[in-house]
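So the structure is just underneath, and the comments pick up after that.
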Number of protein chains: 2
Amino acid sequence: MGTRKIRNMEEFAAVSGISRPTVSKYFNDPDSVRRSTREKIEAALEENDYRPNIYAVNQNRKLTKNIGIVVPYLADPFFAEIARNIEQRCIDSGFRPTLFSSHGDPELEVEILDSLRSLKPAGVLFAPLGRASDRSVIEKFCADVPTVLFDSNLEGMGEAFIGSDNHSFVSQTVDYLSRTGEAPCFFEMRTPANPNANKRRDAYLQMMAKIGLEPNVFKIDGTGWAFEEIGRQGGLKLLAEKAFPTDTVLCSNDRLAIGFLAACYEMGLKVGRHDGSDLRVASHDDHPFSRFTCPSLTTAAHDYMAVSDRSVETVMQLIESGGRLDKRTETLFAARLIMRDSA
Amino acid sequence: MGTRKIRNMEEFAAVSGISRPTVSKYFNDPDSVRRSTREKIEAALEENDYRPNIYAVNQNRKLTKNIGIVVPYLADPFFAEIARNIEQRCIDSGFRPTLFSSHGDPELEVEILDSLRSLKPAGVLFAPLGRASDRSVIEKFCADVPTVLFDSNLEGMGEAFIGSDNHSFVSQTVDYLSRTGEAPCFFEMRTPANPNANKRRDAYLQMMAKIGLEPNVFKIDGTGWAFEEIGRQGGLKLLAEKAFPTDTVLCSNDRLAIGFLAACYEMGLKVGRHDGSDLRVASHDDHPFSRFTCPSLTTAAHDYMAVSDRSVETVMQLIESGGRLDKRTETLFAARLIMRDSA
DNA sequence: ATAAAAAATTTACGCGCGTAAAGTTTTTCC
DNA sequence: GGAAAAACTTTACGCGCGTAAATTTTTTAT
């Protein structure tokens, strides 16, 4: 092991006693060489710390082993968690994931896609900003780079979409709330950041119609990704106006709900499902912090694992099929109701 | 613009009417070529969408334009925010940042450093896990790759450290709390994840001695990075035992405090600085969610911007000086007290 | 205008590796 | 044991670009 530093594959091949082309073959797929050969190479690998130069490798390989992961807003722990799962699964499959966050900024999203192009990734897992996204740019990107969309769907773009079934979220919360108390009012942003919000509102209207209750949708102002503050401001305003006709508020998502709960607290309202409470609040997403709100938040949980697992599976399939799939599939996973103290 | 797709710099040089070596020079530094030449190249760039192949570029360049950013736990919005700032500043300086999260796992941290090596980055901005980090691996890494540590210091490692002045956090909160009510008890993990926690406890003890009050440190069990749950469990236990001799609890950090507030709520205790409250709770970090807790959390804020700005400035200096600095500097930024409703 | 300086061009090589083709050795199998 | 198959070695080329050296052109300065 006291040998000098290995500078390239040529030198490493020499010390391992195997020819360079065979060593190259080994690094591309260790099982493609004879067992005895593999053992020699791996023995040499123990003694010397050589690793192929990824730049030289990627320059010559038709397809890199890179996978791009793009999320809209990494400061949202929901995306941090899902990105973490996806990252790990990609590594386990022998790929090199690179994580990007658009930070809620459509221009940054475009820049990321641009920079992703030059990475020549084998595949991309992309959760777009949604409404604010530059659709034409994304369309071109998807045409050039094998892409799987997740979390937020853009009609017809990418080779597949994997996400959560918004209807399943809302039907469970509305059903639960209406069975156990007054009918829920729906609390959302007037101009929601992504299409999931619209699906949730529609599901709410549909559910209320189905069970024969009067729907009440409250749309609050505010743009951007600072959902908590938007929820808080909107909540303060509506609560001051005593706008809610029932004692139950269903928020479009947990981050909005976190802000709304802060507003309730500031207004001196007691939130909860127990006697003596002024208001029930529920929501959707099962945000990592939702169990630490006061009171803990009743919500509907994403199947994080299913979404990230299936997304990675799909992009792997996509890569194996050479970058195109026969037809664009949309996979939605159902939600799970999480009953806590707020409703 | 109707020309065929440009395949390499040779072809691009042809359509721009400039020789390839000069075009290469341009891409390395647009200001290194004559104005008229730059304009010709940029005109051609408008018409054709050519970008140098980064793999070929990085293979030949002695130093890449890559910068690695490593944070211990991206699901913590604090790190997500600081990473975002650092990313942007790197881009503005003409570098390509790549973000990694150790997700609280020391083995993953080692893998990341390993994979970072092969990226041959010009510089690395590294916030280590802390106590759990494999110090010998990190030491070797820092010896090979120009690295600036931030947030969490490891004695002597890296070319510089930039972080927050823990004493400044604690002195401000202790001073404020002791002036406005009963003496604060200190609430922390028994085996904290990083060295900042130890510095904060020491600062607490020192402050209490200075102002002549009896210190009360409560150490709770739990390992890992699920601080909220650890704080909640520890809080439930201590509150049930009525362990706190005063009505004021100072948490080591906001995530612990968020869990502690949940515990208080569950125990039916009213937290706040107003009359009729049972307990005052304060903390440190100004976590992005701390203004949405119920009640909103009185805390001491990091100077996010200063830390991220200075970190990037330092790594740029480091790169310019060829990867080594004359002497290792430690820069600490003071905290700012944020008075909210919890104390 | 002329010399000196600056910038661009031409030519050429090398980076580290993928990969193809032809030849050689080893393994497998009846 | 012998032939076919499999795996390996040798040789060679190319990927796209950085970069050096020598030469030519353009700009700047006197």
Side-chain angles (χ1 to χ4, degrees), chain A residues 4-45 48-66 94 96 115 117-122, chain B residues 4-45 48-66 94-96 117-122:
Chain A
R4 72 195 180 292
K5 197 85 177 181
I6 306 287
R7 313 198 127 273
N8 54 36
M9 195 179 281
E10 194 82 50
E11 290 185 16
F12 176 75
V15 305
S16 70
I18 304 290
S19 72
R20 190 180 69 77
T22 303
V23 170
S24 171
K25 203 151 174 282
Y26 166 85
F27 278 111
N28 277 312
D29 176 10
D31 291 322
S32 68
V33 302
R34 199 187 294 150
R35 185 202 180 102
S36 60
T37 307
R38 189 172 65 239
E39 282 165 355
K40 278 189 209 168
I41 294 177
E42 279 163 1
L45 226 37
N48 311 277
D49 64 335
Y50 166 74
R51 299 182 59 170
N53 179 313
I54 57 168
Y55 298 111
V57 170
N58 284 332
Q59 178 176 16
N60 295 312
R61 204 161 17 201
K62 41 209 84 176
L63 215 56
T64 71
K65 282 279 189 179
N66 295 330
R96 293 179 58 105
S115 133
R117 255 177 219 276
S118 63
L119 270 182
K120 303 187 192 305
Chain B
R4 74 193 178 292
K5 197 87 174 177
I6 304 288
R7 313 196 127 276
N8 54 37
M9 196 180 280
E10 194 81 50
E11 289 185 16
F12 176 75
V15 306
S16 70
I18 303 290
S19 73
R20 190 180 68 76
T22 302
V23 170
S24 171
K25 203 148 173 284
Y26 166 85
F27 278 110
N28 278 311
D29 176 10
D31 292 322
S32 69
V33 302
R34 199 188 294 148
R35 185 201 179 103
S36 61
T37 307
R38 189 173 65 237
E39 282 166 355
K40 279 190 209 165
I41 294 177
E42 279 161 2
L45 227 37
N48 312 276
D49 63 338
Y50 165 75
R51 299 182 57 170
N53 179 312
I54 58 166
Y55 299 110
V57 169
N58 284 331
Q59 179 176 18
N60 295 311
R61 201 157 25 196
K62 41 208 86 179
L63 216 56
T64 70
K65 281 281 190 180
N66 295 330
F95 286 80
R96 294 178 58 104
R117 254 178 220 277
S118 62
L119 272 181
K120 303 188 193 303

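Note that the structure is a prediction, hence the values are computed from the model and not measured. Just so we're on the same page: letters track the sequence lines, and every chain starts at 1.
Per the geometry, CD belonging to B/Glu39 stands 12 Å off P belonging to C/dA8, to the nearest Å. The CD1-P distance, from B/Ile18 to C/dT10, rounds to 10 Å in whole Å. Protein atom CG of A/Asn58 is 15 Å distant from nucleotide atom C1' of D/dC17, rounded to whole Å.
Closest approach of A/Lys65 and A/Gly94 over heavy atoms only: CD-O, 3.7 Å. When every heavy atom of B/Phe95 is checked against every heavy atom of B/Ala122, the shortest pair comes out as CE2-CB, 4.1 Å. Of all heavy-atom pairs spanning A/Ser32 and A/Lys25, the tightest one is O-NZ, 3.0 Å.
The side chain to side chain contact (heavy atoms under 4.5 Å, CB included) test applied to B/Asp49 returns B/Lys5, not counting sequence neighbours. Residues satisfying the side chain to side chain contact (heavy atoms under 4.5 Å, CB included) test with B/Ile18, not counting sequence neighbours, are B/Ser16, B/Thr22, B/Val23, B/Thr37, B/Lys40, B/Ile41. When the ring pair (Phe, Tyr, Trp, His ring centres under 6.0 Å) test is applied to A/Phe27, the partners found at least two apart in sequence or on another chain are A/Tyr50. Every salt bridge (charged side-chain N to carboxylate O under 4.0 Å, His left out) that A/Asp31 has, sequence neighbours left out, goes to A/Arg38.
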Tabulated below should be each protein N or O lying under 3.5 Å from an N or O of nucleotides 22-30 of chain D; please produce it.
none

Set out, line by line, the N/O atom pairs under 3.5 Å between protein and nucleotides 18-20 of chain C.
from	atom 1	to	atom 2	distance (Å)
C/dG18	OP2	A/Ser24	OG	2.4
C/dG18	N7	A/Arg20	NH1	3.3
C/dG18	O6	A/Arg20	NH2	2.9
C/dT19	O4	A/Arg20	NH2	3.3

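Among the candidates A/Leu119, A/Asn66, A/Asn58, A/Thr64, the single residue satisfying the side-chain contact (heavy atoms from CB on, under 4.5 Å) test with A/Arg96 is A/Asn66.
Ranking D/dG16, D/dT10, C/dC17 by closeness to the B/Gln59 side chain, first place goes to D/dG16.
For the OP1/OP2 pair of C/dA8 and a distance below 4.0 Å, the side-chain nitrogens and oxygens of B/Ser19 include no atom meeting the criterion. A sub-4.0 Å separation between OP1 or OP2 of C/dA7 and a side-chain N or O of B/Thr37 is absent.
At the heavy-atom level, B/Phe12 lies nowhere under 4.0 Å from the strands shown.
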